[in-house]
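Have a look at the structure below before the remarks.
Predicted, not measured: the structure shown is a model, and the values here were computed from it. Numbering starts at 1 and runs along the sequence shown. Start at 1 and go down the list; that is how both ligands and their atoms are numbered.
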Amino acid sequence: MNEDAGTLPKKQDFSEWFNEILWRAEIMDVRYPVKGLYVWYPYGFAVRKFVYNHLRELLDRDHKETLFPLLIPEQEFMKEAEHIKGFENEVYWVTHGGTTPLEVKLALRPTSETAIYPMFALWVRSHADLPIKIYQVVNTFRYETKQTRPLIRLREITSFMESHPVHATWDEAETQVESEITLTREFYRSLCIPIIISKRPDWDKFPGADYTIAVDTIMPNGKTLQIGTVHHLGDHFSRTFSIKYEDKNGEQKIAYQTCYGISERCIAALISVHGDDKGLILPPAVATFQAVIVPITIGKRHVDVIIAAEKLKADLEKAGFRVMLDTRDLRPGAKYYWWELRGVPLRLELGPRDLDAGKTMAVCRTTGEKTAISLASAVQEVTKVLEDITMQIRLKADEHTISHLCTADSMESLNSILNEGKVAVIHWCRNQACGTIIEESANSSLLGTEVRSEYIHTTDGPCIICNKPGKATLVGRTY
Ligand code: A5A
Ligand code: ZN
């Protein structure tokens, strides 16, 4: 049991808290002997499972899941010039089969455009084949040179969801970008994670894209974390890979593409945004267990209590809840601690006296509040309490975002906002020269323009460097 090693650091010491909680709550083991590669503990993997099940559910509405190979032949990988430039320093190469040098070097996919698109060239023939909307959830490899961190910056990304739609026109592809953004909003709403959407500056877009829309969240220490990106690829890749279709008039047309990616950073955000000094707090929609029943069986009524607890579990499971009945031979206090650390939103304590009163004591992970729930109407009452917990989790996360997002109208105020551990919206003329000054003198990143967020009101205004007309732009210190 990992948590026996003293108390969890306070969440205000965020980095330390994050590292500690990963092993105490048994999410990731960071002791694997390759830098940037980590091991999912079973509990962490269960957390991942419900989050990714939900993501798949959303995607499956209008995408189809597929699976492409991990290895990409060098000549395919090298075809799209900008894409290579963006990734060449991050690719792992397979050069040998056993002791025999390979005739064609094989790249471990850092992302799958160059694995998938040569096949699209074979799949797409006529306008009737379009649109194609596929996705896969795979591991990808990136030789990251910035500091690696579990769940945040990996060299083997283990949970890379990438969708790769193909469309007949540029406009249709743009509509797809918007549709992926809507999906992302819904996904992060279920996770109760506040997001800010913006269009990355040109120099920071995905290698080979027309434009990149990024999804960021504000972490407890005020740094931003990019937790998803949607790219309009225009016809860059379709020209390179010759993805063409015959339109209704029998003319050959070039296709247009988008792609969209989410990694286990969504789990990093889930843990970081909601957790507290006691451990994880999982929103009911994705919680591994939504409720844990702890029987208090000291004394003679052991069997009665266990029977009642099993009945309660069965009733709740029948109603669709994920419930754990913890019958381990441990003190109740140790179980409380265990499940608090692991973020179960609701604890149901059931002892002989509760049983006689026909009740169970419900304790919210969010507030610690206790309420007696009638066993007879447990399903309705648990439904209600879990809804309240979802609201509390969302409200707290929203408040953090609102209080950490400010407007700045000068370099001075930008610097002081960033130094307070917050994120700023400024006005910027979209000129790279001004952008560089802002980034360098505030040691920050221009995250994007066309800021879309319910957490801050944005307007146009004069660039904080040159005074020319500017657009609302998100600036932060990033992971
Ligand atoms: N093919 C497109 C979708 C793509 O690769 N886009 S991306 O490079 O922006 O990656 C998608 C998302 O994966 C990013 O928004 C980021 O949230 C996540 N990501 C990128 N590199 C990562 C890394 N080294 N570790 C963890 N997550 C990463
Ligand atoms: Zn300017």
With only distance considered, is [X] within less than 3.5 Å of ligand 1 through an N or O on each side?
X: E162; answer: no
X: E144; answer: yes
X: Y260; answer: no
X: I262; answer: no

Practice task
Look at the rings of W339 and F289 and say which category their plane angle falls in: under 30° parallel, 30 to 60° tilted, over 60° perpendicular.
Solution key: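 Because their plane-to-plane angle is over 60°, the rings of W339 and F289 count as perpendicular.
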Problem - ring pair (Phe, Tyr, Trp, His ring centres under 6.0 Å) partners for H274, two or more places apart - result: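 Ring pair (Phe, Tyr, Trp, His ring centres under 6.0 Å) list for H274, sorted by chain: empty.
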Which ligand 1 atoms does [X] reach within 4.0 Å, using its non-hydrogen atoms?
X: R153; result: 25 (N)
X: G228; result: 15 (O), 17 (O)
X: E113; result: 1 (N), 2 (C)

Exercise for the section: Check if I152 has a non-hydrogen atom at a distance under 4.0 Å from any atom of ligand 1. Expected result: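 Contact check I152 vs ligand 1: positive.
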Exercise for the section: Please work out whether any backbone atom (N, CA, C, O) or any side-chain heavy atom from C-beta onward of R155 is under 4.0 Å from ligand 1, and answer side chain, backbone, both or neither. Expected result: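 Neither; nothing of R155 gets under 4.0 Å from ligand 1.
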Practice task
Answer with side chain, backbone, both or neither: which part of L154 has a heavy atom less than 4.0 angstrom from an atom of ligand 1?
Solution key: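 Contact part for L154 vs ligand 1: both backbone and side chain.
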Practice task
Using a cut-off of 2.8 Å, find all protein N, O or S atoms closer to the Zn ion (ligand 2) than that distance.
Solution key: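 Listed by chain and number: C429 SG, C434 SG, C463 SG, C466 SG.
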